[in-house]
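All values below come from the heavy atoms of this structure, side chains included, with hydrogens, waters and symmetry mates left out. In what follows, chains are A, B, ... by sequence order, proteins preceding strands, each numbered from 1.
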2 protein chains.
Amino acid sequence: MAREMLRQGGRSARIQAEVHRTVQELLKSMDRGAITVPMIAERAGVTPSTIYRRWGDLSELLADVAVARMRPIADPDDTGALVSDIEAFILQYAEEMSSRVGRAMLVDVVGSVEGEAAAQCCRYTYHHLETLRERAVMRGERPFDIDEAIDRIMAPIVYHILFGDRELSPDYCRSLVDRFFGK
Amino acid sequence: MAREMLRQGGRSARIQAEVHRTVQELLKSMDRGAITVPMIAERAGVTPSTIYRRWGDLSELLADVAVARMRPIADPDDTGALVSDIEAFILQYAEEMSSRVGRAMLVDVVGSVEGEAAAQCCRYTYHHLETLRERAVMRGERPFDIDEAIDRIMAPIVYHILFGDRELSPDYCRSLVDRFFGK
DNA sequence: CCCGCTAACGCTAAAAATTTGCGTTAAGGT
DNA sequence: ACCTTAACGCAAATTTTTAGCGTTAGCGGG
């Protein structure tokens, strides 16, 4: 994760945006391991030294981009009930993160030094679940424990994505949600 | 993970051993991010190109070393009962992997391309739990589902180590085990 | 609105890491 | 003992990363 900038607007912001855009572009067209800093710099129209100075190295940049991509742009869809809300969230998360680039993003995030990107990524998930819980309370549904949900639903999914030991089917994801809510 | 060698003995094996030893040595004395291939090569008494040709790059080498370090040297201690067996295993795992180098090892393992190191690491865990289950059956205890144990005990621990969002106390680890066995 | 301060950038040269070609050594089989 | 060739060492070429220095432009204060 890039450290907080003292200059937040203008050129600095434009460069950050352009570099991020370029990285995402490259991520779609080629393997993560084939991407290099000079390559990004050229396509983004900046000098490599700018990237090195700002992000430190390639993995930090990729982690930064990954976190930015994971940031929820809007509140999760309201499906009308807590269980289906969580199910929808989980299915989308699993779908997105089990892909080739999704897994690479997770790896980059947990690989960030100081774990700043990892912590941020984690907060997004936590906040998302918080929103769903608040919504449930509004509806008069019984609330749930977020830490518990992370342990029993998110953690297994992330584990199997990262270690690639099991197929991550929608049915499996649903079963995690169902069992969490006591069948 | 290094591909299986066609030459398994002699010089080739000596070099692998020496490089592994050197990496572990360095891992103890300095930060993971400060280690470089030329640095390892010099201390191990080999040329950098040997390492590049054999392991591809630094992260693959580190993943290979990490997996080798995770390989169980002996069967787990027999504490006399299934629950305490698993508890002992989990506590040791959490203790070892939540350390600075332990976390770095996990990151390297999941970061290995093709996920070969990750899969191997996973198999070690699975096999370990299998051993504990067989032992439980011998004793006449009720067996447990290994996949279930991974989802409900291992996964949360790995999640919190990698994302660094929560303190991984022995009490917390024990609570995971206890809840898995229905309190 | 203009000015001063300095964060952030571009450029370039130097340093370090990685790749590659080629000759040599030694495993493992015959 | 001999042959084949995987794996290594060495060194040159290439690429990536770092570092110095002058310039540009964001932002706050007058």
Checklist entry - Given B/Arg179 and A/Asp151, is the side-chain contact (heavy atoms from CB on, under 4.5 Å) satisfied, shown in steps? => result CA-CA 12 Å; B/Arg179 276 184 299 173; A/Asp151 281 7; 4.3 Å; yes
Checklist entry - Start at the 5' end of DNA chain C and walk down; is the nucleotide closest to B/Leu58 or to B/Arg14 reached first? => result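 The residue whose closest nucleotide sits nearer the 5' end is B/Leu58.
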Next on the checklist: Can you work out whether B/Thr36 or B/Arg11 has the more 5'-proximal nearest nucleotide on DNA chain C?
Outcome noted: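 Checking each residue's closest nucleotide, the 5'-ward one belongs to B/Thr36.
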Taking only side-chain N and O atoms of [X], does any of them lie within less than 4.0 angstrom of OP1 or OP2 on [N]?
X	N	value
B/Thr50	D/dG9	yes
B/Thr47	D/dC10	no
B/Arg54	D/dA7	no

Nearest whole Å is fine: how far is [N] [atom2] from [X] [atom1]?
X	N	atom1	atom2	result
A/Ile51	C/dA8	CD1	P	16 Å
A/Ile35	D/dT16	CD1	C1'	16 Å
A/Trp55	C/dA8	CH2	P	11 Å
A/Gln8	C/dC9	CD	C1'	18 Å
A/Asp57	D/dT16	CG	C1'	12 Å
B/Tyr52	D/dA13	OH	P	19 Å
A/Arg53	D/dG20	CZ	P	10 Å
B/Ile15	C/dA27	CD1	C1'	13 Å

Item to check | Residue whose closest nucleotide on DNA chain D lies nearer the 5' end, A/Pro38 versus B/Ser49 | outcome: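 Going by which nucleotide is closer to the 5' end, it is B/Ser49.
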Checklist entry - So, do B/Tyr93 and B/His128 have ring centers that fall under 6.0 Å from each other? => result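 No - the distance between ring centres of B/Tyr93 and B/His128 does not fall below the 6.0 Å cut-off.
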Do [X] and [Y] have a side chain donor and acceptor closer than 3.5 Å?
X	Y	answer
A/Arg54	A/Gln16	yes
A/Asp75	A/Thr131	no
B/Arg21	B/Gln24	no

